[in-house]
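One structure below.
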2 protein chains.
Amino acid sequence: MRNKKIGCAKFGFKMSNILYAVFLYLLMDNSLSGYTLTEELSKVGIDPSYIPTGITYRLLRDMEANGLLVSKWETSGTGPAKRVYRITESGKKYLEAWIVKAKRNLNTMQNLISLIEGRLKDEQNK
Amino acid sequence: MRNKKIGCAKFGFKMSNILYAVFLYLLMDNSLSGYTLTEELSKVGIDPSYIPTGITYRLLRDMEANGLLVSKWETSGTGPAKRVYRITESGKKYLEAWIVKAKRNLNTMQNLISLIEGRLKDEQNK
DNA sequence: TCTGTTATGTGTAAAATTCATATAGGTGAA
DNA sequence: TTCACCTATATGAATTTTACACATAACAGA
């Protein structure tokens, strides 16, 4: 048996991958800033206060560098300037590819969890 | 909004956490060596060849250090000596606690994925 | 002017993962 | 008998990911 690589990534549930997907999803309807995106995480069941802002802003810059998003500064309106992100065609394609992998990995996790749960219930009934 | 922590761990799907659970599950019926445990990953839908042996053996030592497993050397039988692991009561408790968190996190992922999938389907039908 | 909210960002530490490599006993075939 | 291959365990170091701490700045209202 040889050494190969795996990681959370293989299950599609690496933190940064999930946030990539969520941000792309949230941006499909509107262009939004990093701050607003963080707040809207609650819409998908993620507590925004758990996400360090350092991660959010760095991920968004990475996503832009990878061509999934484009940004422009918005200085109008109240408060400090916002960097507002818009999804690209490449970003949509990325999300479509992600969902395929994510579903497969969700299945793996689902099977694993029901297997373990079943075994633990057997133990209780002994 | 303040900075807090998250990570794969918050979703319960960190690589090492999954392997902890799988190993504990596999050890509920028999005592097994690291090598055999790796092979038996296929029973739960994980391709053993994807798991670097470096990770497996290190995780098992960690688990023992944390009291979830105990090991003894088995020199009888063919081939080189095996370090055979057995699950402890503490290991069983860990697995029970893990499954609760894992189910919750699976739910979060499930909702997230169906949300995104639904949105992508809308897009196709436009 | 001081506090709080909105808003974006960076440097560095810590943790997790991967890669490369080492060791060693046993088996079977050329 | 030596060479290739399988079983079996292990570690050092590089890389990647994630978390923590902090810095900056515009504006609003007391």
Side-chain angles (χ1 to χ4, degrees), chain A residues 1-23 31-41 46-66 69 71-85, chain B residues 1-20 23 31-41 46-66 69 71-85:
Chain A
M1 218 176 294
R2 298 274 306 292
N3 278 0
K4 288 192 194 164
K5 62 170 188 287
I6 191 173
C8 295
K10 273 280 169 196
F11 290 101
F13 296 134
K14 191 171 58 168
M15 174 63 191
S16 52
N17 286 346
I18 295 172
L19 287 180
Y20 264 46
V22 174
F23 288 151
S31 295
L32 299 167
S33 67
Y35 194 85
T36 314
L37 280 166
T38 304
E39 284 182 319
E40 301 220 335
L41 288 174
I46 298 174
D47 182 346
S49 69
Y50 280 131
I51 311 293
T53 61
I55 289 194
T56 305
Y57 293 111
R58 234 182 301 237
L59 278 183
L60 288 169
R61 305 300 287 273
D62 288 350
M63 291 171 79
E64 185 168 25
N66 293 328
L69 303 177
S71 74
K72 61 167 196 279
W73 283 99
E74 195 180 289
T75 45
S76 68
T78 178
K82 299 173 179 186
R83 185 189 285 280
V84 175
Y85 288 94
Chain B
M1 219 176 297
R2 298 275 308 292
N3 277 0
K4 288 192 193 165
K5 61 173 189 286
I6 191 172
C8 292
K10 273 279 170 198
F11 289 102
F13 296 134
K14 191 172 58 167
M15 177 63 191
S16 51
N17 286 346
I18 295 172
L19 287 181
Y20 263 47
F23 289 150
S31 294
L32 300 167
S33 68
Y35 194 84
T36 313
L37 280 166
T38 304
E39 284 181 320
E40 301 220 336
L41 288 174
I46 297 175
D47 182 347
S49 69
Y50 280 132
I51 311 293
T53 61
I55 288 195
T56 306
Y57 292 111
R58 232 182 304 235
L59 279 183
L60 288 170
R61 304 301 287 273
D62 288 351
M63 289 171 80
E64 186 168 23
N66 293 328
L69 305 177
S71 74
K72 62 168 195 279
W73 282 99
E74 193 181 291
T75 45
S76 68
T78 179
K82 298 173 178 184
R83 185 189 285 278
V84 176
Y85 288 93

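Values in this document were obtained by computation on a predicted structure and should not be read as measured data. Reminder, nothing fancy here: chain letters follow the sequence lines and each chain counts from 1.
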Practice prompt. Assign A:Arg61 to base, sugar-phosphate, or nothing according to its heavy-atom contacts below 4.0 angstrom with the strands shown.
Written response: sugar-phosphate
Discussion item. Whether the side chain of B:Thr53 and the base of D:dA10 hold a donor-acceptor pair under 3.5 Å is what I'd like checked.
Written reply: yes
Worksheet item: Can a side chain N or O of B:Lys14 be found less than 4.0 Å away from OP1 or OP2 on C:dA16?
Response: yes
Worksheet item: Can you list the residues that meet the salt bridge (charged side-chain N to carboxylate O under 4.0 Å, His left out) rule with B:Glu64, with sequence neighbours excluded?
Response: none
Worksheet entry | Interatomic distance where CD1 belongs to A:Ile51 and P belongs to C:dA7 [whole Å] | 18 Å
Discussion item. Is any side-chain heavy atom of A:Leu19 closer than 4.5 Å to one of A:Leu41?
Written reply: yes
Fill in: Side chain of B:Arg58 (C-beta onward), nearest among D:dT11, C:dA7, D:dT7
D:dT11
Response to the item:
Closest non-hydrogen contact found for A:Ser16 with A:Leu59 is CB-CD2, 3.8 Å
Worksheet item: Expressed in angstrom and rounded to an integer, what is the separation of A:Ile55 atom CD1 from C:dA15 atom P?
Response: 15 Å
Worksheet item: When you match B:Ser33 and A:Thr78 each to their closest nucleotide on DNA chain D, which lands nearer the 5' end?
Response: B:Ser33
Worksheet item: Can you tell me how far C1' of D:dT18 sits from CG of A:Leu59, to the nearest Å?
Response: 10 Å
Fill in: Spacing between A:Asn17 atom CG and D:dT16 atom P, to the nearest angstrom
15 Å
Worksheet entry | For atom CH2 of B:Trp73 and atom P of C:dG25, their distance in whole Å | 12 Å
Worksheet, complete the sentence: A:Tyr20 meets the ring-ring contact (aromatic ring centres under 6.0 Å, His included) criterion, sequence neighbours left out, with A:Tyr94
Item to complete: Compare the minimum distances between each of C:dC19, D:dT9, C:dG9 and the side chain of B:Arg83, then state the nucleotide with the smallest one.
Response: D:dT9
Item to complete: Compare every heavy atom of B:Thr75 with every heavy atom of B:Ala81, then report the nearest pair and how far apart it is.
Response: CB-CG2, 3.9 Å
Practice prompt. Under 4.0 Å between any heavy atoms, over every strand shown, what does A:Thr56 touch: base, sugar-phosphate, or nothing? Just pick one.
Written response: nothing
Worksheet, complete the sentence: What one should report as the nearest heavy-atom pair of B:Thr38 and B:Pro48 is O-CB, 3.1 Å
Worksheet item: Got a minute to check which stems DNA chain D is part of, using Watson-Crick or G-U wobble pairs under 3.5 Å, three or more consecutive?
Response: C:1-30 with D:1-30
Worksheet item: How far apart are the closest heavy atoms of A:Val84 and A:Ser31, and which atoms are they?
Response: CG1-CB, 3.6 Å
Worksheet item: Hey, which of these two, A:Ala81 or B:Pro80, hits DNA chain C nearer its 5' end, going by closest nucleotide?
Response: A:Ala81
Response to the item:
A:Glu40 atom CD is separated from C:dA7 atom P, nearest whole Å, by 12 Å
Fill in: Whole-Å gap separating C1' (C:dA24) and CD (B:Glu74)
17 Å
Item to complete: Side-chain contact test, heavy atoms from C-beta onward, threshold under 4.5 Å: evaluate it for B:Arg61 versus B:Tyr85 and give yes or no.
Response: yes
Worksheet item: If you check the B:Met15 side chain, which of C:dT17, D:dA10, C:dG9 turns out closest?
Response: C:dT17
Worksheet item: Would one find a side-chain N or O of A:Ser16 under 4.0 angstrom from OP1 or OP2 of D:dT18?
Response: yes
Worksheet entry | Atom-pair distance (CG on A:Leu37; P on C:dG9), nearest Å | 12 Å
